[in-house]
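Written below as structure tokens is the structure these notes are about.
Letters A, B, ... mirror the listed sequences (proteins, then strands); counts begin at 1.
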Number of protein chains: 2
Amino acid sequence: MKDVKEAMEAFHQRLRDAGLKSTRQRDVIVETFFKIDKHISVDELLVEARKQSPRIGYATVYRTMKLLVEQGLANPRRFDDGQTRYDPEFDKEQHDHLICVDCRRIIEFDDDEVLARLNKIAADHGLKLRRRSVEIYGECQVTDCPHKAN
Amino acid sequence: MKDVKEAMEAFHQRLRDAGLKSTRQRDVIVETFFKIDKHISVDELLVEARKQSPRIGYATVYRTMKLLVEQGLANPRRFDDGQTRYDPEFDKEQHDHLICVDCRRIIEFDDDEVLARLNKIAADHGLKLRRRSVEIYGECQVTDCPHKAN
DNA sequence: CTTCCTGCAAAATGTTTGCATTTAT
DNA sequence: ATAAATGCAAACATTTTGCAGGAAG
């Protein structure tokens with residue numbers, strides 16, 4: 001997320017629009033989420049948020065992330081490790097993921113050619129593409145993968 | 001799966017190669033899995049398998065599916081509904097999925113152009129594609145979607 | 001007769017919910 | 001004042017594990 005302030009404003013606007021309340025906990029969680037700007041899990045987010053506000057509980061993080069998803073500001077992702085992770089989704093194209101099976105490194109990509117083709121495939125089946133999820137799992141061919149030895 | 005017999009033979013061969021045992025339960029589960037040939041969940045598989053062998057437990061189904069996955073005869077999939085489902089993977093190209101968000105219908109597809117592009121993307125990042133997961137979520141544009149009304 | 005497998009129940013995850021209390025509007 | 005949010009613990013759903021007994025090689 002390039003502009004955390006902008007994201008927070010969008011968030012507050014959505015809260016107002018929905019008649020929901022702005023609270024310290026939500027602000028801490030959401031701001032942490034946008035600042036970190038990586039594929040963060042609820043566990044990790046809780047740890048970070050507690051540095052700001054130590055009494056925050058799991059439930060609040062879950063509820064806040066659900067809210068962000070509903071408001072279109074975050075996307076839940078589930079890769080191969082059983083944890084739901086979240087991506088900021090604000091002023092940004094949807095993107096896809098390349099995951100190293102050796103070190104679990106996650107690389108984002110966005111490829112017009114793939115997307116165009118997926119649109120065509122959907123259309124050929126009478127559907128309109130609303131959302132897609134493209135993940136490539138690969139193994140390192142170079143020696144820069146820190147966990148390659150495993 | 002076109003040829004269940006062939007699939008079972010492959011399964012038994014893998015068991016032998018790995019020094020594992022062939023049991024009634026495994027046979028029932030695996031044969032059911034290959035016969036059904038759809039994206040089946042553990043729950044559904046257990047129900048079906050118990051028609052053949054009523055005392056089969058959850059754990060055995062989980063363990064058998066894990067085994068099939070390890071042996072490369074099944075692929076776990078997780079779409080948007082929180083359940084792990086399995087696809088047979090035998091003598092068959094890996095394929096991808098188009099999911100109708102209105103009726104949850106799942107259409108399989110396999111597109112060389114997409115695959116070629118994904119291979120290139122992986123290579124460009126120094127990885128070798130080992131596996132991919134491509135899902136398109138779309139909404140019906142025609143009137144043949146049974147749950148469109150929802 | 002040894003090793004592996006099964007079924008059960010218990011444990012371990014990850015996530016959601018109910019409720020009394022607190023907080024924002 | 002009212003409605004919504006929090007934190008805690010309990011409930012849930014799914015998957016994994018420990019173990020005693022049973023079956024396969």
Side-chain angles (χ1 to χ4, degrees), chain A residues 8 11-33 39-71 74-86, chain B residues 8 11-33 39-71 74-86:
Chain A
M8 292 306 292
F11 173 57
H12 287 136
Q13 187 57 53
R14 310 283 175 116
L15 287 180
R16 260 176 262 122
D17 292 350
L20 301 176
K21 291 172 180 173
S22 179
T23 66
R24 163 145 184 81
Q25 291 89 333
R26 281 180 175 169
D27 280 359
V28 168
I29 293 165
V30 173
E31 197 170 326
T32 302
F33 170 65
H39 305 83
I40 198 170
S41 67
V42 167
D43 276 344
E44 293 164 347
L45 193 45
L46 183 68
V47 169
E48 289 304 313
R50 279 186 172 162
K51 291 181 184 169
Q52 297 279 318
S53 196
R55 302 190 44 74
I56 286 180
Y58 271 94
T60 303
V61 178
Y62 274 109
R63 286 187 279 228
T64 302
M65 291 317 293
K66 185 181 231 177
L67 178 61
L68 275 187
V69 170
E70 285 164 5
Q71 297 300 326
N75 276 326
R77 308 266 176 203
R78 192 179 279 263
F79 302 128
D80 257 9
D81 61 356
Q83 298 227 16
T84 300
R85 294 173 176 281
Y86 298 86
Chain B
M8 291 307 292
F11 173 56
H12 288 136
Q13 187 58 52
R14 310 282 176 116
L15 287 180
R16 261 176 261 121
D17 291 350
L20 302 176
K21 291 172 180 172
S22 180
T23 66
R24 164 146 183 79
Q25 290 89 333
R26 281 180 176 170
D27 280 359
V28 168
I29 294 165
V30 173
E31 197 171 327
T32 301
F33 170 64
H39 305 84
I40 197 170
S41 67
V42 168
D43 276 344
E44 293 164 348
L45 194 44
L46 183 68
V47 170
E48 289 304 314
R50 278 185 172 162
K51 291 180 184 170
Q52 298 277 320
S53 195
R55 302 189 44 74
I56 286 180
Y58 270 95
T60 302
V61 178
Y62 275 108
R63 286 188 278 227
T64 302
M65 292 317 293
K66 185 181 231 176
L67 177 62
L68 274 187
V69 170
E70 285 164 5
Q71 296 300 326
N75 277 326
R77 309 265 175 205
R78 193 178 275 265
F79 302 128
D80 257 9
D81 62 358
Q83 299 228 21
T84 299
R85 294 171 177 281
Y86 298 86

CA sep, side-chain torsions, deciding dist, call: B/V42, B/Q83, side-chain contact (heavy atoms from CB on, under 4.5 Å): CA-CA 8 Å; B/V42 168; B/Q83 299 228 21; over 6 Å; no
Charged N-O contact under 4.0 Å between B/E70 and B/R14: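 No, this pair does not count.
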Return whichever of B/Y58 or B/T23 has its heavy-atom-nearest nucleotide of DNA chain D closer to the 5' end.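 Its nearest nucleotide being more 5', the pick is B/Y58.
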So, the side chain of B/R26 versus the backbone of B/T64: is there a donor-acceptor pair under 3.5 Å, distance only?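 Not confirmed, B/R26 side chain does not pair with B/T64 backbone.
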The side chain of [X] lies closest to which of these nucleotides: [options]?
X: B/K21; options: D/dA5, D/dC8, D/dG25; value: D/dG25
X: A/T60; options: D/dT6, C/dG7, D/dT15; value: D/dT6
X: B/Y62; options: D/dT16, C/dG7, C/dT17; value: D/dT16

Without decimals, in angstroms, what is the distance between [X] [atom1] and [N] [atom2]?
X: A/L67; N: C/dT16; atom1: CG; atom2: P; result: 13 Å
X: B/K66; N: D/dT15; atom1: NZ; atom2: C1'; result: 9 Å
X: B/E44; N: D/dT15; atom1: CD; atom2: P; result: 12 Å
X: B/L68; N: D/dT15; atom1: CG; atom2: C1'; result: 17 Å
X: A/M65; N: D/dA5; atom1: CE; atom2: P; result: 16 Å
X: A/D81; N: C/dT15; atom1: CG; atom2: P; result: 10 Å
X: B/D43; N: D/dC12; atom1: CG; atom2: C1'; result: 14 Å
X: A/Q52; N: D/dT6; atom1: CD; atom2: C1'; result: 18 Å

Considering just the side-chain nitrogens and oxygens of [X], establish if one lies under 4.0 Å of OP1 or OP2 belonging to [N].
X: B/T84; N: D/dT15; result: yes
X: A/Q83; N: C/dT13; result: no
X: A/Q25; N: D/dG7; result: yes
X: A/R78; N: C/dT15; result: yes
X: A/R26; N: D/dA5; result: yes

Does any N or O donor sit under 3.5 Å from an N or O acceptor when you compare the side chain of B/R63 with the base of C/dG7?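 Yes, the side chain and the base share a sub-3.5 Å donor-acceptor pair.
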Side chains of A/T23 and A/T60: closer than 4.5 Å at any heavy-atom pair?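 No - every pair of side-chain heavy atoms lies 4.5 Å or more apart.
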Upstream residue (5' side of DNA chain C) when B/R50 and B/L15 are each assigned their closest nucleotide: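 On the 5' side of the pair lies B/L15.
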Please walk me through it: do A/M65 and A/F33 pass side-chain contact (heavy atoms from CB on, under 4.5 Å)? CA-CA 9 Å; A/M65 291 317 293; A/F33 170 65; 3.9 Å; yes
